[in-house]
K.L.:
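The structure is given below, and queries will be raised subsequently.
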Amino acid sequence: INKDVPNKGVQLLSNASVLNHFVQTQGLLDENGFNLFLPAACLFTAGGGTSAWLLAANWDCNSTARIPRASDRVTIPTSQTVVLGNATTTIQSLDLESSATFEIRSGGFLNISGTSTNAGTLSLTAAGAFPSAGLLALTGGAYGTSTNIGTIQASGQGTFEVDAPLINGGTIDMSAGGVLNLKQNI
């Protein structure tokens, strides 16, 4: 018996389940009987009491408190706020849920190598005397289509670089010095 997981691009066998955004993979096999590898799922919980991306206590990555890595699928749930500054990081995918806010500040760089969905607000900003603006890069990969149904804002030299297919049903605001670098079509 197979069970589809809506909006997650995953089909589960009867011996797997979804709990709090995580796929429980006890004996999950493909049609040839091979174990399936699913990238780790990281859910922002604000368990550390702040909005900081770089605080491991704020994350639940398959029941482990750690900062998301390059192979991780990251979810920022409804009404949460996350701030990334002064760090460079790569993740596989980002799911920014409705009413969630993700701010990439000066010195912050986030590369999403797979898919992303933005239903909240993604903000790229610069601050300080010599700003090194926030940067978000969508590099895609084989299945790297991203979807924006929320708001992406860039200001003060904040840069949004698109090098993968992007479906935009929301708002992209490059006012006040924001930069949009298109290497693919929107």
Side-chain angles (χ1 to χ4, degrees), residues 39-61 65-141 144 146-168 170-184 186:
C42 292
L43 179 69
F44 185 81
T45 64
T50 73
S51 60
W53 176 282
L54 295 174
L55 182 61
N58 282 338
W59 295 98
D60 182 346
C61 297
R66 66 169 174 78
I67 298 166
R69 300 177 187 150
S71 61
D72 290 335
R73 294 175 295 118
V74 173
T75 298
I76 301 173
T78 298
S79 300
Q80 292 285 355
T81 297
V82 178
V83 176
L84 173 66
N86 295 318
T88 297
T89 191
T90 296
I91 57 175
Q92 180 172 347
S93 67
L94 174 66
D95 185 8
L96 188 62
E97 295 182 348
S98 177
S99 300
T101 301
F102 185 23
E103 185 176 343
I104 302 174
R105 293 185 181 167
S106 293
F109 171 68
L110 177 66
N111 178 51
I112 302 171
S113 63
T115 62
S116 64
T117 301
N118 174 30
T121 300
L122 183 58
S123 179
L124 311 165
T125 62
F130 302 99
S132 168
L135 172 64
L136 170 68
L138 302 179
T139 56
S146 295
T147 303
N148 175 45
I149 57 174
T151 301
I152 299 172
Q153 301 168 327
S155 62
Q157 301 297 315
T159 302
F160 178 42
E161 183 172 293
V162 180
D163 193 12
L166 173 65
I167 299 168
N168 183 43
T171 302
I172 299 176
D173 179 1
M174 298 292 121
S175 61
V179 177
L180 176 61
N181 185 0
L182 295 178
K183 296 181 178 183
Q184 291 278 335
I186 293 184

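Computed from a predicted structure; not experimentally measured. Reckoned from all heavy atoms, side chains included, excluding hydrogens, waters and symmetry mates.
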K.L.:
Measure the spacing between CG of Leu55 and OG1 of Thr50 and express it to the nearest 0.5 Å.
P.N.:
4.5 Å

K.L.:
Check whether any side-chain heavy atom of Pro77 lies under 4.5 Å from a side-chain heavy atom of Leu43, and answer yes or no.
P.N.:
yes

K.L.:
Measuring from atom CD1 of Ile104 to atom CD of Gln153, what distance do you get when rounded to the nearest 0.5 angstrom?
P.N.:
12.5 Å

K.L.:
Using the side-chain contact (heavy atoms from CB on, under 4.5 Å) definition, which of the options Leu124, Thr81, Leu84, Thr121 pairs with Phe102?
P.N.:
Leu84

K.L.:
Looking only at heavy atoms, what is the nearest atom pair of Thr78 and Glu97, with distance?
P.N.:
N-OE1, 3.2 Å

K.L.:
What are the two closest heavy atoms between Pro68 and Ile91, and how far apart are they?
P.N.:
CB-CG2, 4.0 Å

K.L.:
Do Trp59 and Asp72 come within less than 4.5 Å of each other through their side chains, counting heavy atoms only?
P.N.:
no

K.L.:
What's the spacing between Ile149 CD1 and Leu96 CG if we round to 0.5 Å?
P.N.:
10.0 Å

K.L.:
Can you find a heavy atom in the side chain of Cys42 that is under 4.5 Å from one in the side chain of Arg69?
P.N.:
no

K.L.:
Can you name the nearest heavy-atom pair linking Gly170 to Asn168, along with the distance?
P.N.:
N-OD1, 3.2 Å

K.L.:
Using side-chain contact (heavy atoms from CB on, under 4.5 Å) as the criterion, list what pairs up with Thr88, not counting sequence neighbours.
P.N.:
Phe109

K.L.:
How many angstroms lie between CG in Leu122 and OG1 in Thr101, if you round to the nearest 0.5 Å?
P.N.:
9.5 Å

K.L.:
Working to the nearest 0.5 Å, report the span between CH2 of Trp53 and CG of Asn58.
P.N.:
11.0 Å

K.L.:
To the nearest 0.5 Å, tell me how far Asn86 CG sits from Leu54 CG.
P.N.:
8.5 Å

K.L.:
Quick check on side-chain hydrogen bond (donor to acceptor under 3.5 Å, both in side chains): which of Thr147, Asp95, Asn148 does Asn118 satisfy it with?
P.N.:
Asn148

